[in-house]
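The sequence lines fix the lettering, A, B, ..., with proteins before strands; numbering per chain opens at 1.
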Amino acid sequence: MVAEMNRTSIRNLDAVGQGEKVRLNGWIQDLRKLKSISFVVLRDHTGTVQVTLKPDAVSNYNEVSELSRESVLEIEGKVDRKSGAKSGLEIQALNVNILNIARSPLPLGIDDPVEADFDTRLNNRFLDLRKPENNIIFRVESSLLWGMRKYLMSQNFVEVHTPKVVAAATEGGADLFRVKYFEKDTYLNQSPQLYKEILMSSGMDRVFEVGPAFRAEEHNTPRHLNEFTSVDIEMSFADHNDAMSMLENAVKSGIEEVLKNNADALKFLGKELKVPEVPFPRITYSDCVGIVEKKGFKFNFGEDFNTEHLREIGKEFPGFYFITEWPATVRPFYTMPNPNDPKLTNSYDLQFGEKEITSGAQRVHDPDMLEKRFMEKGLNPSDFEFYIKAFRYGMPPHAGWGLGLERLTMIILDIPNIRSVTLFPRDRTRVVP
RNA sequence: GCCCUGGUAGUGUAGCGGCCUAUCAUACGAGCCUGUCGAGCUCGUGACUCGGGUUCAAAUCCCGGCCAGGGCGCCA
């Protein structure tokens, strides 16, 4: 056994001297058995290395040389830079401990020349994620979120956790998953919106939450999930401009963190990433309507843009930009009307080209106005009593946003399908694994 | 939810009424090779999405289900 030695990551073998002993742990990516010598390509989460097995050096040579791909090994061996290995470095095995044997054939080859369908990949996600190009995505996403968290913490935000099982719809009604909750009918929350706002009334001043959001919409696109990760903030004594500033700086900080921690991953994936300049451009909804009309589309003021429209707008503004001052008709009840033009609102979307990443606004903080807005949207204020109550006893003006973490990850890595940046995606039909 | 396309060995594909006892690659199994490195070579194993229908005959045509991919609606 080699347990007393520290495990060396394959990536760190470069720093190990010629002839020094190391202990490696990983999976058999490939095994080539010749007449009286065998080669194992061992993989851990940092890379691969060739291990040479010789019958006279390894006591269980016969057993090891017959192992299936993806079996798990612990190997003690000597670093050898003078062998014929093409990589210039290999391990001469001294001891091999078989930790687990993989069944064969694999449902999905890790290193096969044939590509698997996306569906097959997702059905066998644990194997799919053994490919570096896939698991690297989640390391990048982790850094991205860490960078955003760091910025928000630096701005005195408090990370909070609000319930996902709720009694009432957040923004309407039709698109919620029903959940049996003992004798009550409840729903999975589509957004932490109402709870974030209640926390503004609690005096917490600035909060953010990273958590799941559920949408029971039957969409079937490469950029929608029925469960996604929402990064939400809400801040008191602030308007939409303050919130936009938080957003662009949080995104910038996230990207900086990715560049700091994942430069090798970006290089491996062949992606170029640059820190975006802040502030991001702000374009009003009205100006966007002008762009759309100039391209020859008929457009009625007050409508939302469709994919084709956003594509045209995106062409004008490569990179991140805000679309601001949306008409009230296309924004939720809690959106603050623009004091100069009540048809418009103090709202914004963060876009990257044609893709929407974030939706935000200054919120209504006056309870009477809020009730009026509920009724204008065809909602019954009494269904939201627990929420409106928090506005009646001193609700500060506030603003915030909700950002789709997977969407942002897709954008910075230029990945076309949101399922690729989700470990176990939930879409219209997929609930397993 | 709508429109289009598709579902053939473990994986990815060819075939699209009888010549299919179904192609090729990869994987898997057996063998050869003291140094391979997308190893190579020989031999072998392994498949027509499900349910109806049309036809002398269906992987192939028709209908429906399920699933997937692309587009749209809608959104984060």
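- Distance check on atom C1': B/U5 versus B/U42 gives 41 Å, rounded to whole Å.
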Are any protein N/O atoms closer than 3.5 Å to N/O atoms in nucleotides 64-69 of chain B? If there are, list each pair with its distance.
residue, atom, partner, partner atom, Å
B/A68, OP1, A/T429, OG1, 2.3
B/A68, OP2, A/T429, OG1, 2.8

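- With centroids closer than 5.5 Å and planes inclined by less than 30 degrees as the test, A/F39 and the base of B/G35 fail to qualify as a stacked pair.
- Applying the ring pair (Phe, Tyr, Trp, His ring centres under 6.0 Å) rule to A/Y321 yields the partners A/F317; only residues at least two apart in sequence or on another chain are considered.
- Distance check on atom C1': B/A68 versus B/G17 gives 26 Å, rounded to whole Å.
- Taking atom P in both B/G18 and B/U60, one finds a spacing of 11 Å when rounded to whole Å.
- Open room surrounds NZ on A/K78; 12 or fewer heavy atoms of other groups in view lie less than 6.0 Å from it.
- For the pair A/H219 NE2 and B/A76 P, the interatomic distance rounds to 10 Å; values are reported in whole Å.
- Interface remark: the A/K54 side chain does form a donor-acceptor pair with the B/G35 base, using a distance-only criterion of under 3.5 Å.
- Candidate nucleotides B/G71, B/U36, B/G73 were compared by shortest atom distance to the side chain of A/L34, and B/U36 ranks first.
- Across B/A14 and B/C3, the matching P atoms stand 26 Å from one another, rounded to whole Å.
- If you check B/G35, B/C75, B/G10 against the side chain of A/P107, the one that comes closest is B/G10.
- For A/R215 and A/E227, the salt-bridge test fails: no basic side-chain N is under 4.0 Å from an acidic carboxylate O.
- If you check residues 269-308 of chain A against RNA chain B, the residues with a heavy atom closer than 4.0 Å are A/D304, A/N306, A/T307, listed by number.
- Residue pairs meeting the side-chain hydrogen bond (donor to acceptor under 3.5 Å, both in side chains) criterion with at least one member in residues 276-285 of chain A, sequence neighbours excluded: A/E248-A/R282, A/T284-A/D287.
- The gap from the C1' atom of B/A9 to that of B/U23 amounts to 12 Å, rounded to the nearest Å.
- Less than 6.0 angstrom separates the ring centroid of A/F305 from the ring centroid of A/W326.
- A/E115 comes within 4.0 angstrom of the backbone, heavy atoms only, and of no base.
- The pair A/E406-A/K355 fails the salt-bridge criterion, with no side-chain N (NZ, NE, NH1 or NH2) lying under 4.0 Å from an Asp/Glu carboxylate O.
- Taking the C1' atom of each, B/G15 and B/A22 are spaced 7 Å apart, rounded to whole Å.
- Residues from residues 351-362 of chain A that place a heavy atom under 4.0 Å from any atom of RNA chain B, listed by number: A/E356, A/I357, A/T358, A/S359.
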Should A/D112 and A/R69 be marked as a salt bridge (Lys or Arg N to Asp or Glu O under 4.0 Å) after you check the CA-CA gap, both sets of side-chain angles, and the distance that decides it?
CA-CA 11 Å; A/D112 289 357; A/R69 297 196 300 172; 2.9 Å; yes

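- For the C1' atoms, the distance from B/G70 to B/A27 is 29 Å, rounded to whole Å.
- As rounded to whole Å, 14 Å separates atom C1' of B/U49 from atom CG of A/N123.
- One can find a donor-acceptor pair under 3.5 Å joining the base of B/C75 and the side-chain atoms of A/H224.
- Using a 4.0 Å heavy-atom criterion, one finds that A/R311 contacts the sugar-phosphate atoms exclusively.
- As judged by a 4.0 angstrom heavy-atom cut-off over every strand, A/T120 is placed among residues touching the sugar-phosphate backbone only.
- A salt bridge does not link A/E308 to A/R311: none of the charged nitrogens lies less than 4.0 Å from a carboxylate oxygen.
- You'll find that the side chain of A/Q50 is closest to B/G35, out of B/G35, B/C74, B/U11.
- A salt bridge does not link A/D30 with A/R43: every distance from a Lys NZ or Arg NE/NH1/NH2 to an Asp or Glu carboxylate oxygen is 4.0 Å or more.
- Taking the six-membered ring for Trp, A/Y187 and A/F214 have ring centres at least 6.0 Å apart.
- Heavy atoms of A/R223 sit under 4.0 angstrom from at least one base atom.
- Close placement of the A/F374 and A/F384 rings is indicated, their centers lying within 6.0 Å of each other.
- Across the protein-nucleic acid pair, A/I37 atom CD1 and B/G35 atom P stand 8 Å apart, rounded to whole Å.
- Evaluation of the ring pair (Phe, Tyr, Trp, His ring centres under 6.0 Å) rule for A/Y387 yields A/F391 as partners, not counting sequence neighbours.
- Checked by distance alone, A/E90 brings a side-chain donor or acceptor within 3.5 Å of a matching partner on the base of B/G35.
- Taking atom CG of A/L89 as the reference point, atom C1' of B/C37 lies 14 Å away to the nearest angstrom.
- Within a 6.0 Å radius of CD in A/E115, other residues, nucleotides and ligands contribute 12 heavy atoms or fewer.
- Contact between the side-chain N/O atoms of A/R32 and the OP1/OP2 oxygens of B/A39 is found at a separation under 4.0 Å.
- Protein atom CZ of A/R331 is 14 Å distant from nucleotide atom C1' of B/C74, rounded to whole Å.
- Taking atom CD1 on A/I28 and atom P on B/C37, their separation rounds to 19 Å, with Å as the unit.
- With C1' as the reference atom, B/C20 and B/C37 are 39 Å apart, rounded to whole Å.
- Of the residues in residues 399-412 of chain A, A/G402, A/R407 come within less than 4.0 Å of RNA chain B through at least one heavy atom, sorted by number.
- Annotation: ring pair (Phe, Tyr, Trp, His ring centres under 6.0 Å) contacts of A/Y61 (sequence neighbours excluded): none.
- A search for side chain to side chain contact (heavy atoms under 4.5 Å, CB included) contacts involving A/I98 returns A/N60, A/E63, A/V64, A/L67, A/L73, A/I101, not counting sequence neighbours.
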Could you go over nucleotides 22-31 of chain B and give all protein N or O partners under 3.5 Å, atom names and distances?
residue, atom, partner, partner atom, Å
B/A27, O3', A/R69, NH2, 3.4
B/C28, OP1, A/R69, NE, 3.3

In dot-bracket, 5' to 3', how would RNA chain B read with Watson-Crick or G-U wobble pairs under 3.5 Å, [ ] for crossing ones and | for pairs to another strand?
(((((((..(((.....[.....)))((((((.......))))))...(((((..]....))))))))))))....

Hey, mind stepping through A/R363 and A/E234 against salt bridge (Lys or Arg N to Asp or Glu O under 4.0 Å) and telling me if it holds?
CA-CA 10 Å; A/R363 324 298 192 185; A/E234 205 66 36; 2.8 Å; yes

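- In this structure, the CZ atom of A/R121 is 11 Å from the P atom of B/G12, given to the nearest Å.
- The existence of a salt bridge linking A/D427 and A/R419 is confirmed by a sub-4.0 Å separation between a basic side-chain nitrogen and an acidic carboxylate oxygen.
- Atom CG in A/L31 sits roughly 11 Å away from atom P in B/A39 (whole-Å rounding).
- By the neighbour-count criterion of 12 heavy atoms within 6.0 Å, atom CD of A/E272 is sparsely surrounded, having that number or fewer from other residues, nucleotides or ligands.
- Between A/E356 and A/R407 there is no salt bridge, since no side-chain N of the basic residue sits under 4.0 Å from a carboxylate O of the acidic one.
- Listed by chain and residue number, A/Y195 satisfy the ring pair (Phe, Tyr, Trp, His ring centres under 6.0 Å) test with A/F386 (two or more places apart in sequence, or in another chain).
- The side chain of A/T52 has B/G35 as its nearest neighbour among B/G12, B/A76, B/G35.
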